[in-house]
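Notes for the one structure printed next.
Predicted model, so just to flag it, every value in this text is computed and none were measured. To find a chain, count down the sequence lines: A is the first, B the second, and so on, and within it residues start at 1. Computation of the quantities below employed the complete heavy-atom set of this structure, encompassing side-chain atoms and omitting hydrogens, waters and symmetry-equivalent molecules.
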Amino acid sequence: WVGVLGPRVLELRQTESDCFFRCLGEVASAESAPAAETVDHVRAELVDYFQLSKPLAPMYEHWASADRRMNRIAAALPGMRVLRQEPHECLFSFICSSNNNIGRIGGILQSLRARYGPRISLYEGIDTADAATFGGDEITDLQAVDDEAFFAFPSVETLAEASEEELRGLGLGYRADFIRQTALALRQKGDGWLCSLREEDVDTVREELCALRGVGPKVADCVALFSLDQVETVPVDTHVWDIACREFDPSLRECLSLTPNVYARVGALFRSRFGTYSGWAHQLLFAAELPQFRSRLPADMVEEMAEWRGGGGGGAHK
DNA sequence: TCTGGACCTCT
DNA sequence: GAGGTCCAG
């Protein structure tokens, strides 16, 4: 994999037993190679980003023993971790995600970076073609988007200064105003405010996030789980709702829409079954629904999921 | 508390 | 409609 993490372009490669990384470039640097201390620093950042100090095996065991279906999924999809993303980037990204599909979100975020983010220069002697030979096909996607350029995520300050019209031009649609207003609010609250929510309890985090423009329950919970250490938070979208109907409580199907009440019921179901790290468990169940992981699951399970989708079982409330 | 509609844009 | 949110009734 090749991509941007914070101010750097990183290349990651995984083997049977190890994970290797390499720094390809960074913001405002003309060096020919990263300093040794930079490499150490990046190693620490990766450990933090992938939350490697949290042992996954005990969680998997707990989830597997709590739920028969989860038992099989856990066996098929090992090593599914929740990332610890940078909160500002995470927040703006999920604001862009509302009422929007994954493919388009990626394009919008890349446009945001290219237009407002600081450019990342590759170290002397490294070209992306060289990196591509290691990285597989991810890098070709990035190059196709913006001519082999890498950008870090824009600052709150920059986004606060952006005009709504220009943001709309990048394909954000009505979310343009959300981005601008939230950036303005964040600037007002000061530099460390968002990160400081990591120390707060779930309810406070949720309340504070939902006060931001374009942030409802789902977006707030995503930001809380994926960047603010709220491990028991379960973001509920229509897919997670489907999962809950299918696996935990068929009576949820009677509900006509995802009201706050239903939303809370779904979250509570996950928590009562999977406990403290319900957010992580949710991530695993959610991943199992994605097309790219389907081939790893037992055939009968894939069949069952297809049947549910096609048979209108999940569509009862839609 | 919940429902219905609007909202950008693309398939 | 899509991996929602906001606003008015």
Side-chain angles (χ1 to χ4, degrees), chain A residues 80 82-83 85 89-112 115 145 162-186 205-227 233-247 251-268 270 278-294 305 308-310 312-318:
Chain A
M80 186 65 66
V82 167
L83 300 178
Q85 296 172 245
E89 176 172 350
C90 188
L91 172 58
F92 287 115
S93 300
F94 277 106
I95 289 177
C96 294
S97 81
S98 70
N99 196 24
N100 205 162
N101 57 59
I102 288 186
R104 237 172 69 75
I105 296 165
I108 289 174
L109 291 174
Q110 179 61 17
S111 301
L112 265 184
R115 172 61 187 81
V145 170
S163 75
E164 184 188 338
E165 191 160 311
E166 189 173 40
L167 287 168
R168 274 178 180 268
L170 299 180
L172 274 94
Y174 62 87
R175 302 168 199 81
D177 187 49
F178 294 163
I179 295 291
R180 209 180 61 82
Q181 297 231 45
T182 290
L184 250 17
L186 288 175
V205 171
R206 203 160 199 271
E207 193 180 331
E208 294 287 354
L209 289 176
C210 284
L212 268 15
R213 260 343 217 169
V215 180
K218 159 68 174 19
V219 170
D221 283 350
C222 284
V223 177
L225 175 62
F226 297 125
S227 77
T233 294
V234 178
V236 182
D237 56 29
T238 52
H239 295 282
V240 174
W241 184 16
D242 279 346
I243 295 173
C245 293
R246 192 183 62 205
E247 310 299 334
S251 78
L252 274 171
R253 257 191 290 172
E254 313 304 320
C255 307
L256 267 56
S257 65
L258 194 47
T259 64
N261 219 326
V262 178
Y263 191 109
R265 277 178 66 190
V266 173
F270 271 80
S278 289
W280 287 50
H282 141 277
Q283 169 78 357
L284 182 52
L285 282 182
F286 184 80
E289 303 289 320
L290 298 176
Q292 64 254 49
F293 291 119
R294 237 167 252 165
M305 284 157 56
W308 173 268
R309 277 192 306 275
H317 47 248
K318 286 179 193 159

* To do: Please name all residues satisfying ring-ring contact (aromatic ring centres under 6.0 Å, His included) with A:Phe92, sequence neighbours left out, ordered by chain then number.
  =>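 Counting only residues at least two positions away or on another chain, A:Phe92 forms no ring-ring contact (aromatic ring centres under 6.0 Å, His included).
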* Taking the inter-plane angle between the rings of A:His239 and A:Phe286 on a 0 to 90° scale, is it parallel (under 30°), tilted (30 to 60°) or perpendicular (over 60°)? ->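 Correct class here is perpendicular.
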* Without swapping roles, check the side chain of A:Arg175 against the backbone of A:Leu172 for a donor-acceptor pair under 3.5 Å. =>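 The answer is yes, because a donor-acceptor pair under 3.5 Å joins these two groups.
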* Main-chain N/O of A:Phe270 paired to A:Ser278 side chain as donor or acceptor, under 3.5 Å ->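 Yes.
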* To do: Consider the side chain of A:Leu256, meaning its heavy atoms from C-beta on, and name the nucleotide among B:dC8, C:dG3, B:dT3 that approaches it most closely.
  =>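 Nearest listed nucleotide: B:dT3.
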* Would you mind telling me which of C:dT5, B:dC2, B:dC8 lies closest to the side-chain atoms of A:Asn261? =>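 Out of C:dT5, B:dC2, B:dC8, the nucleotide with an atom closest to A:Asn261's side chain is B:dC2.
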Side-chain N or O of [X] less than 4.0 angstrom from OP1 or OP2 on [N]?
| X | N | value |
| --- | --- | --- |
| A:Arg175 | C:dT5 | no |
| A:Ser98 | C:dT5 | no |
| A:Thr259 | B:dT1 | no |
| A:Arg104 | C:dG1 | no |

* To do: Sticking with atom P, work out how far B:dC8 lies from C:dA8, rounded to a whole angstrom.
  =>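 Per the computed distance, 16 Å lies between those P atoms.
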* **Nearest-angstrom distance, P atom, C:dG1 to B:dG4** =>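 Their P atoms lie roughly 14 Å apart.
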* Give A:Pro217 one of three labels, base, sugar-phosphate or nothing, depending on what nucleic acid heavy atoms sit under 4.0 Å from its own. =>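 It contacts sugar-phosphate atoms only.
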* At under 4.0 Å between heavy atoms, what does A:Leu170 touch on the DNA or RNA strands: base, sugar-phosphate, or nothing? ->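 If one applies the 4.0 Å heavy-atom cut-off, A:Leu170 turns out to touch nothing in the nucleic acid.
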* Does the C:dG4 base have a donor-acceptor partner in the side chain of A:Tyr174 within less than 3.5 Å? ->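 It does, because a donor-acceptor pair links the side chain of A:Tyr174 to the base of C:dG4 below 3.5 Å.
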* Ranges pairing with ranges for DNA chain C, where each run has three or more Watson-Crick or G-U pairs under 3.5 Å ->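 Stems (3+ consecutive pairs) listed as B:2-7 with C:4-9.
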